Amino acid sequence: MQETAEWIAVDLSNGCLRVWIMGANGEPIAQAVTDKSAVIETHSGFETALLALVAPYLAQDHRVTCVICSGVAGWNVPYVATPCTPPQRVIAASPAFADPRIKLYIPPALKQMSPPDLMGGEATTIAGLLRSQPEFDGVLCMPGLHTKWVHISAGEIVSFQTSMTGALFDLLSQQSVLQQSVAGTAWDAQSFLTGVGDAMGRPQAIASQLFGIHAATSLLDMSGGAARARLSGLLIGLELAGTRPYWLGRHVAIIGVGDTALHYRTALAEQGVQGQLLEAPPLVLAGLCASYESTQNSAK
Ligand SMILES: O=C(O)C(=O)C[C@@H](O)[C@H](O)CO
């Protein structure tokens, strides 16, 4: 017989919905990820996608607690100001989940007033990191649609800076003249490094360097792999040019998944910074567990 969830951990980051079905012993009994076609950016789309993943594990006679690390557009999530420890105390998500079998909780988001910046679910990942490494002192690079650079000291998020690098890559590769140039999944490592160096050397020329990819594809037979890698390299190089105070001479941990995290490590290594790679999902789960414990403690 299918086991019922004790509670459900929900990660909604970078356009992807991942759930861990947690058993009574505090360990996951199952996990699942939505496929890319699911619409999760709206409240109703998110509800449909979440139910599709968790429905078999819901109880019929009581509400199952779901703890989610970041919200959907239109949710009413309060902000906590930095510097602060990553918030673990969660609140009931608003608007509430329509299905009566689920009670959804979310931690507050973070705000930095000067310069103005916002952080959502990454704070839960940071809580997870500090659970296993409470002494961590340094900088986190968290690649994504909105890459975060976060200064951590004495268990606190001291300051952070967001760069829309992943979002720019998606927009340019899907909705610009570069779409044809970068099609496919091939990758040319040298073109990536050259792109990083060109953007860092002349960040003011980025708009021209980007069009140059289209021109080189048309005139010089630049391959799709070289074009794709150069686009990524230019954008990551531009980001590194703008975040120098965060990484120069610092202990940097890169928290991410897959190739993107590796590309950041490669780009940083070229600048003489050996970034430590950490897998994001276990840290997100650890942070969600800390949030769930806070719901249990406040219920006592
Ligand atoms: O709270 C908001 O409004 C954000 O935009 C936060 C966002 O940057 C996430 O931290 C990562 O996508």
Side-chain angles (χ1 to χ4, degrees), residues 9-18 33-34 36 38-43 45-46 49-50 67-95 104-130 139-152 156-174 235-236 238-239 242-243 246 253-258 260-261 264 278-281 283-288 290-291:
V10 185
D11 176 18
L12 183 65
S13 48
N14 292 315
C16 184
L17 173 61
R18 177 191 300 268
V33 184
T34 43
K36 291 257 177 233
V39 177
I40 53 174
E41 294 81 12
T42 62
H43 184 73
F46 164 74
L50 183 62
V67 182
I68 186 166
C69 59
S70 60
V72 172
W75 284 12
N76 189 12
V77 181
Y79 290 104
V80 168
T82 55
C84 63
T85 53
Q88 288 176 5
R89 191 160 288 278
V90 287
I91 53 167
S94 163
L104 195 61
Y105 291 93
I106 186 167
L110 300 187
K111 63 180 176 186
Q112 176 179 272
M113 299 310 286
S114 180
D117 213 328
L118 297 171
M119 185 188 299
E122 295 87 352
T124 298
T125 310
I126 297 170
L129 171 79
L130 291 176
V139 168
L140 303 178
C141 169
M142 308 176 85
L145 288 175
H146 305 162
T147 298
K148 305 282 178 200
W149 291 85
V150 190
H151 178 205
I152 307 282
E156 287 204 328
I157 295 169
V158 179
S159 66
F160 63 99
Q161 181 171 332
T162 305
S163 301
M164 293 182 67
T165 306
L168 283 174
F169 182 87
D170 286 355
L171 284 168
L172 288 166
S173 61
Q174 292 163 23
L235 294 176
I236 290 177
L238 183 66
E239 178 182 327
T243 51
Y246 272 89
I254 303 161
I255 301 181
V257 275
T260 309
Y264 273 84
L278 299 172
E279 275 287 308
L283 299 179
V284 180
L285 179 58
L288 289 166
S291 293

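Basis for what follows: all heavy atoms, side chains included, without hydrogens, waters or symmetry-related copies. All of these numbers come straight from a predicted model, not from anything done at the bench. Just so you know, ligand 1 is whichever comes first in the structure, and atom 1 is the first atom listed for that ligand.
Within the 3.5 Å criterion, the main-chain N or O of P115 finds a donor-acceptor partner in the side chain of Q112. Panel note: side chain Y264, backbone I255; no donor-acceptor pair is recorded below 3.5 Å.
The heavy atom nearest to atom 11 (C) of ligand 1, out of those in E122, M119, M164, is found in E122.
No part of W75 comes within 4.0 Å of ligand 1, judged by heavy-atom distances.
Looking at H146 next to ligand 1, an N or O pair under 3.5 Å apart turns up.
Among all non-hydrogen protein atoms, the one lying nearest atom 3 (O) of ligand 1 is L118 CD1, 3.5 Å. Of the protein's non-hydrogen atoms, the one nearest atom 1 (O) of ligand 1 is Y79 OH, 3.5 Å. Of all protein heavy atoms, the one lying nearest to atom 8 (O) of ligand 1 is K148 NZ, 2.8 Å.
Here the straight-line distance linking atom CG of L118 with atom OG1 of T82 works out to 10.0 Å at 0.5 Å rounding.
Residues T260 and P143 share a closest heavy-atom pair of CG2-CB, 4.0 Å.
In the vicinity of G120, heavy-atom distances shorter than 4.0 Å reach the ligand 1 atoms 6 (C), 9 (C), 10 (O).
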All N/O donor-acceptor pairs, side-chain side in residues 69-81, below 3.5 Å, sequence neighbours left out:
unit_1 : atom_1 : unit_2 : atom_2 : d
S70    : OG     : L12    : O      : 2.7
W75    : NE1    : H43    : ND1    : 2.8

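Looking at E239 and T165, their side chains do bring a donor and an acceptor atom within 3.5 Å of each other.
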